[in-house]
Structures are given as structure tokens and as C-alpha cells.
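Every chain is numbered from 1 and lettered A, B, ... according to where its sequence line falls, protein lines coming before strand lines.
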2 protein chains.
Amino acid sequence: MMDTRTKLAIEAGFLFQQKGYHGVGISEVLERAGVPKGSLYHHFPNGKADLALAAAEIAATEVLRIIDASFDQAGNYANGVTTFCYKLAKYFDIHEGKIGCPVSATLLGGPDNAAFRDALSGIFARWMGRIADYAMQFGQSQQEAEQSAKRLFLSLEGSWTLARARGDSNVIRQLPGLVC
Amino acid sequence: MMDTRTKLAIEAGFLFQQKGYHGVGISEVLERAGVPKGSLYHHFPNGKADLALAAAEIAATEVLRIIDASFDQAGNYANGVTTFCYKLAKYFDIHEGKIGCPVSATLLGGPDNAAFRDALSGIFARWMGRIADYAMQFGQSQQEAEQSAKRLFLSLEGSWTLARARGDSNVIRQLPGLVC
DNA sequence: CGCAGAATAGACCGGTCGGTCCATTCACAG
DNA sequence: CTGTGAATGGACCGACCGGTCTATTCTGCG
């Protein structure tokens, strides 16, 4: 069975992504995870803030895995982008359109903390770096690749927001036609 | 002097944009606005939710004004986009990089409410519509114009997020080179 | 002036927040 | 078995939350 610490971080992640850092109460996380309060403060001595950072880290890694899965078998860059967007749209639908960017809702809504901002910008850099790597692998120059990655990332972040506002994942699915 | 109702909505808007709906307490808004609680519930009988909707509406209108100011005197579409982004970057800097999209932080973080989502998607539609109008005015076909507007809006929404994570408005300033 | 409704002022409320603390149970080394 | 630290379980706390309610002050009309 899954680690208590991991289970807490994952359940907290889902909730944070839907309602933001301040919109989720500790007790709600505990109830969903089926874990008592004592355990939380054993695994996350700094409480809610630690929990949010761990949740964001897990979600960030999951997105990296989706990037890999999308580009590894793609014949070219545009193809990889399309697969990537479709996978994210599916993820969006699974959670009933209630979910935004898995990390920005968690960390941007949190306390005005340097640690939170650093974690967030680090995660974004990792995502863009990974996408740029694949773009280069498919023949783009480093400069081109970084620009492609940035363009994709920015639009994607916007698509997540718009999709949530509309309750419709099609914005995400139509993204490849817009940025490639 | 400014209307008490308006003052409340504006101050609430700044706070919501920084910390999200649940991150801001009523008392904090009242303190900043220098207004007692009774006045708030006189002007906004439904309390915090009404306040957030009014705040978003004001911010949305302000953005429309910035769009107009940017495109009205621009010689072409690309020029208007550049001015628009520079104005937004300046707005971002004025608020010390602590501010995101003026409406999504307020409304997406709020209660999982149909009224909130509708208001948000309506505001986004108005923004994109206005930008598309200018694009057509500068010679683009309707289809081209809508695509241009969507591309700009999505990247802009993403830029706001990234700028906030980095605490640096340059992402927004570099946007025209990326989407035009 | 007197009156009425709008607006302001703030005490007060029940509920929930994040967090602390300690008793208990578990897993495992000796 | 016993001992020990990790992990769990949950009662409890003060602070703050959004919201209600009543008293008072302002404002404009007759």
C-alpha cells in the first residue's frame, strides 16, 4: 500500500489544484486521505506549507512523465505537442474540469513566501527545459527550441485557465493548431 | 471623493488578485478601505461573493480600457500588441510583482459556483472579442483575428503566471516577439 | 424644523481554521 | 519476551473566519 506521507501529499495536491492553498482546510485533506492529524504533523513538521510544497513536487514530476510519454514516441515536434495536449485535456476531463495547472494553483495561492515562488519558478523552468530538449532532439536549434518551449508553456498555462473558466477541455485540445 | 461601494470593490480587487479569494479576509478588506463592516453588508448584501464579483467586473473593465488605449493609436496590430504588453508589464511592476491576472485569481479561487465561472468566461470572451475587433480593424479576416486574439490572450495569461513566479515582468514585455 | 431612509459604526456570534500535545499502537532490534 | 523510536489517533486550543444585528449618524425632502 501507499506511503502515508505520499498519500497525504497526493490528496492534498488534488484539493489544492481545485480550490487553491487557502481554499483547502487541513481537516479536509485528512478526511480524504483517511489519516489522523497527528500523522500529518509527524510527516510534515511544518504543517500545511510543507504539505503544499510536497504536493507541488509530486504533481510537477507527474507532468514531466507526461511530457516524456508524449515526445518519446513522436516522429516530430508538432506530433509530440499534439499528444501532450491531448493527454493533458484528458487529465482535465477526468477531474471534471475543476482542475487548473497542477502547481500554480497550489503555490501561487499560498503564503507570499520566497520558498513558494522559487519552487514554482523552478518547476516551470524544468518543464520548459524538458520540452526544449525534445524540440532540439527533433532538429531545432537551441534558440528555436527554447522559443518553442516557451510559446507552448505560456499558451498551455493560459489554456488551463480558460478551460477551467469554460468548463471545457477543447481549448487545450485545439492548442497545437495555435502554437505550431 | 470615491463611492464607498467602489472603494471597497477596488481594494478587495487588489487583495484578491494577490492572495486569491480564500486568502483574503473580510476584515483585511475593511481595514484597507477604512470602512466598517456594516457598510460592506449594506452595499453588498450577499457579502464576500458579491464583493468578489464586483471587484472582478471593475478590473475587467479596466483591462478593456487598457486594450483600447493600446490599439486606438497603433498603426498596426503588432504595434498595438506591443503597447498593450508594455502597459500590462508596467501595471505588474507597480504592484511589486505580486499580482496575477486581475480576474482569474479572484474568481477561479472562489467558491465552486456557476455564477463565478460564468462571470469569468464572460470576461475572457469580452477581452478576446475586443482584441479580435482591433485585429480586424487592422485588416485581418475574422478567422485570422479570432485566432490572433486567442493566441495573445492565452500566452498573456501564461505570462502573468510565469512573471509572478519569477517576480519579473520581462516575460510579459517579451511576449510580442513570441506571438506576432 | 421633523422625519425617513440611506449609510456608517462596531459589538457579537457560531463555526472553522491551522497547530499543539499527549496517549496509544505498531514494527522491529536485542 | 522487552525496549525503543516511529507512527497513529484524536482531544484540545486560541485565533480568525464570514456573517448578523442593533444603535447611531448622515442626508435630503416636506
Nearest 0.5 Å please: distance from the [atom1] atom of [X] over to the [atom2] atom of [Y].
| X | Y | atom1 | atom2 | answer |
| --- | --- | --- | --- | --- |
| L53(A) | L107(A) | CG | CG | 6.0 Å |
| I67(B) | F71(B) | CD1 | CZ | 7.0 Å |
| Y21(A) | T106(A) | OH | OG1 | 10.5 Å |

* In terms of hydrophobic clustering (I, L, V, M, F, W, Y; side-chain heavy atoms under 4.5 Å; direct or indirect links), are L152(B) and M136(B) co-clustered? ->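 Different clusters: L152(B) never reaches M136(B) through Ile, Leu, Val, Met, Phe, Trp or Tyr contacts under 4.5 Å.
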* Going through the distances and angles, do K87(A) and E62(A) end up as a salt bridge (Lys or Arg N to Asp or Glu O under 4.0 Å)? -> CA-CA 12 Å; K87(A) 281 183 189 291; E62(A) 176 63 20; over 6 Å; no
* Using the salt bridge (charged side-chain N to carboxylate O under 4.0 Å, His left out) rule, collect all pairs that involve residues 21-50 of chain B, keeping only residues at least two apart or in two chains. =>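 Pairs touching residues 21-50 of chain B that pass the test: E11(B)-R32(B), K19(B)-E28(B).
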* Asked: What residue pairs, at least two apart or across chains, pass salt bridge (charged side-chain N to carboxylate O under 4.0 Å, His left out) with a residue in residues 136-153 of chain B?
  -> none
* Check each residue of residues 21-40 of chain B for a non-hydrogen atom within less than 4.0 Å of any atom in DNA chain C, then write out the ones that pass by number, or none. => P36(B), K37(B), G38(B), S39(B)
* To do: Using a cut-off of strictly less than 4.0 Å between a heavy atom of the residue and any atom of DNA chain C, enumerate the qualifying residues of residues 41-52 of chain A by number.
  =>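 Within this stretch, Y41(A), G47(A), K48(A) sit under 4.0 Å of the strand.
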* Close residues, residues 102-116 of chain A, relative to DNA chain D [heavy-atom separation under 4.0 Å] -> none
* Taking five pairs at each end of the helix from dC1(C)-dG30(D) to dC28(C)-dG3(D), what angle separates the two helix axes (nearest 10°)? -> 10°
* To do: Say whether Y134(A) and D68(A), considering side chains only, have a donor N or O and an acceptor N or O under 3.5 Å apart.
  =>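 Indeed, the side chains of Y134(A) and D68(A) share at least one donor-acceptor pair under 3.5 Å.
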* How about Q140(B) and S148(B): does a side-chain donor come under 3.5 Å of a side-chain acceptor? ->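 Yes - a donor-acceptor pair under 3.5 Å links their side chains.
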* Residue-phosphate contact under 4.0 Å: T4(B) side-chain N/O, dA7(C) OP1/OP2 ->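 For T4(B), the contact criterion (side-chain N or O under 4.0 Å from OP1 or OP2 of dA7(C)) is not met.
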* To do: Determine whether F124(B) and V103(B) make a side-chain contact, defined as any pair of heavy atoms from C-beta on separated by less than 4.5 Å.
  =>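 Answer yes - side chains close enough.
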* Asked: Does R173(B) pair with D93(B) as a salt bridge, N-O distance under 4.0 Å?
  ->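 Salt bridge present between R173(B) and D93(B).
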* To do: May I ask you to say whether E57(B) pairs ionically with R126(B), meaning some side-chain N is under 4.0 Å from a carboxylate O?
  =>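 Salt bridge flag = yes for R126(B) with E57(B).
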